[in-house]
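The model shown is predicted, which means the values in this text are computed figures rather than measured ones. In what follows, chains carry the letters A, B, and so on, assigned in the order in which the sequence lines appear, proteins first and then strands, with residues in each chain numbered from 1.
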2 protein chains.
Amino acid sequence: MSRLPFSAEAVERAHRIAALEPPAEVDPRVEALVTQLIGRVADKWTMLILEELTEAGELRFTRLSARVPGISQKMLTQTLRQMERDGLVLRTVHAVVPPCVDYRLTDLGSSLSAAFCGVWIWADQHLDRVEAARQAFDARSGR
Amino acid sequence: MSRLPFSAEAVERAHRIAALEPPAEVDPRVEALVTQLIGRVADKWTMLILEELTEAGELRFTRLSARVPGISQKMLTQTLRQMERDGLVLRTVHAVVPPCVDYRLTDLGSSLSAAFCGVWIWADQHLDRVEAARQAFDARSGR
DNA sequence: CAGCATCCATTCAGATACTG
DNA sequence: CAGTATCTGAATGGATGCTG
């Protein structure tokens, strides 16, 4: 198994949710809010930034942009603003010239990162099966 | 706490990942693939369909569209095709007129649904804090 | 350095019409 | 019933230039 951005212990613990039973019903209103939150939170850049900040602890704007492969300055700013608004990151501006701004995760942000651990594990473990399924599908429809 | 689309037992087990330690490094190539997969899998409609199929077990096209609030016929078809390609759903066509097509989750699909359990729990638990953070942020920037 | 403002190409997704 | 095909407005996101 390849390496994930989580400790071995956290991974092991998260493994235990792998076997799931039939679900109960959900309150539609809660569901709507939850879905919106997940949608926001599960977008491409938010997850990558979450990762980098989890890994590095605290980063400046430029360092962060260097660590997130392929992100534009616009998207980095935009995503960080959203995350700050949602209470996931803390933005600290140091009053110096040239300006220096640090970003780090709040407790809320860290806990979200932890919650995603299970999904990372799933993706990591089932990458091959998904890849195989895609090839099989493409072979079928190619004919 | 409000109700989630998972059994109490699964929820309880998933709770144990809530406390997370500092992470390790990731292989960039694996990370890219994992990220892509998560991005695809975490999109709005995929998640909602995953839920409905988890809940209902097996559904026909029309019933599914009725259960997923606000989805267009186009998006339903498109998302189901993607999920089928990724090996998450099984599509069964019955050769009758009028046509009848059943969709249900594969094992892979079910396990993904399970992997998301942790995220649902997080969203459910922290909804209030996110909401509060947003209001605080908006109040600050409104000035 | 950290970012905002603007422009522009691409993509996305809804509405509509049609079909085996 | 379960789609496919097409059109179109909306949203996304990159590139570029400018600023405290």
Hey, does the side chain of [X] come within less than 4.0 Å of [N]'s phosphate (OP1/OP2), counting only N and O?
X       : N     : value
A:Arg91 : C:dA2 : no
B:Thr62 : D:dC1 : no
B:Arg60 : D:dA2 : yes

How many whole angstroms separate atom [atom1] of [X] from atom [atom2] of [N]?
X        : N      : atom1 : atom2 : value
B:Gln73  : D:dA5  : CD    : C1'   : 11 Å
A:Lys74  : D:dT12 : NZ    : C1'   : 8 Å
A:His94  : C:dG3  : NE2   : P     : 12 Å
B:Leu76  : D:dG3  : CG    : P     : 8 Å
A:Leu48  : D:dG13 : CG    : P     : 13 Å
B:Gln78  : D:dA5  : CD    : P     : 13 Å
B:Met75  : C:dC12 : CE    : C1'   : 7 Å
B:Tyr103 : D:dC1  : OH    : P     : 15 Å

Practice item. Identify which nucleotide among C:dC1, D:dT4, D:dC1 has an atom closest to any side-chain atom of A:Pro99, counting heavy atoms from C-beta outward. Key: C:dC1
**Study point:** Nearest-nucleotide 5' precedence on DNA chain D, A:Trp45 against A:Pro98
**Key:** A:Trp45
Review point. Is the backbone of B:Leu50 close enough, under 3.5 Å, to the side chain of B:Ser113 for a donor and an acceptor to pair up by distance?
Key: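 Not a single qualifying donor-acceptor pair exists.
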Review point. Is a side-chain N or O of A:Thr79 found less than 3.5 angstrom from the main chain of A:Thr46, in a donor-acceptor match?
Key: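 Checking the backbone N and O of A:Thr46 against the side chain of A:Thr79, no donor-acceptor pair under 3.5 Å is found.
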Point to revise | Gap separating the CE atom of A:Met75 from the OG atom of A:Ser65, nearest 0.5 angstrom | key: 14.0 Å
Practice item. Give A:Arg63 one of three labels, base, sugar-phosphate or nothing, depending on what nucleic acid heavy atoms sit under 4.0 Å from its own. Key: nothing
Point to revise | 4.5 Å side-chain heavy-atom contact, A:Phe61 and A:Gln73 | key: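 Yes - at least one pair of side-chain heavy atoms lies under 4.5 Å apart.
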Review point. According to the interplanar angle, ranging from 0 to 90°, do the rings of B:Phe116 and A:Phe116 count as parallel (below 30°), tilted (30 to 60°) or perpendicular (above 60°)?
Key: perpendicular
